[in-house]
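Remember, predicted model here, so these are calculated numbers, not experimental data.
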Amino acid sequence: MASEMELNDLKASWLNDPSRDLEETEGFEEHADELRAFAEAHRVQQEKEYQNQIIAKAIALGCPGNIGLAAYIDTLERRITRLEQRLPA
């Protein structure tokens with residue numbers, strides 16, 4: 001059984017790279033339920049933050065309530081940024 005400190009270290013590490021399933025971490029099988037709940041709470045929080053950003057973007061674009069358009073523009077802006085980062089300086 002992992003110590004509280006080991007669990008906290010694992011969670012902090014996962015927050016820096018949440019691309020893997022936290023609850024499936026080897027050596028922490030006994031804590032799978034706690035880790036699953038932690039990961040889900042983080043995902044829910046991230047989604048709330050994204051929704052708030054999209055609402056703010058819709059307002060800034062002058063189309064409050066048009067969340068679909070704001071989300072589409074946000075996606076396009078992110079794609080442009082990624083493409084610009086690939087271009088040689």
Completion exercise
Hits for side chain to side chain donor-acceptor pair (under 3.5 Å) against Glu30, two or more places apart or cross-chain, chain-then-number order -> none
Practice task
Please answer: with hydrophobic residues joined when any side-chain heavy atoms are less than 4.5 Å apart, are Tyr50 and Leu15 in the same cluster?
Solution key: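 Result: no, two separate clusters.
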Practice task
Using only heavy-atom distances, determine whether the side chains of Gln45 and Glu49 contain a donor-acceptor pair under 3.5 Å.
Solution key: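 A pair is found: one side chain offers a donor N or O, the other an acceptor, under 3.5 Å apart.
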Mind checking whether [X] and [Y] have side chains closer than 4.5 Å, heavy atoms only?
| X | Y | value |
| --- | --- | --- |
| Leu83 | Arg86 | yes |
| Asp21 | Arg36 | no |
| Leu7 | Glu34 | yes |

Problem - Atom pair CD/CD of Glu24 and Glu29 - distance to nearest 0.5 Å - result: 10.0 Å
Problem - Inter-residue atom distance Glu6.CD - Asp9.CG, 0.5 Å rounding - result: 8.0 Å
Practice task
Run the numbers on Leu22 and Arg20 for side-chain contact (heavy atoms from CB on, under 4.5 Å), then give the verdict.
Solution key: CA-CA 6 Å; Leu22 179 63; Arg20 60 186 159 79; 4.2 Å; yes
Donor-acceptor pairs under 3.5 Å, side chain of residues 54-73 to any protein atom, not counting sequence neighbours: which ones?
unit_1	atom_1	unit_2	atom_2	d
Lys57	NZ	Glu77	OE1	2.8
Asn66	OD1	Leu69	N	3.2

Problem - Arg79, CZ: over 12 other non-hydrogen atoms inside 6.0 angstrom - result: no
Problem - Test item: His31 side-chain N/O and Ala2 main-chain N/O as donor-acceptor pair under 3.5 Å - result: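 At least one qualifying donor-acceptor pair exists.
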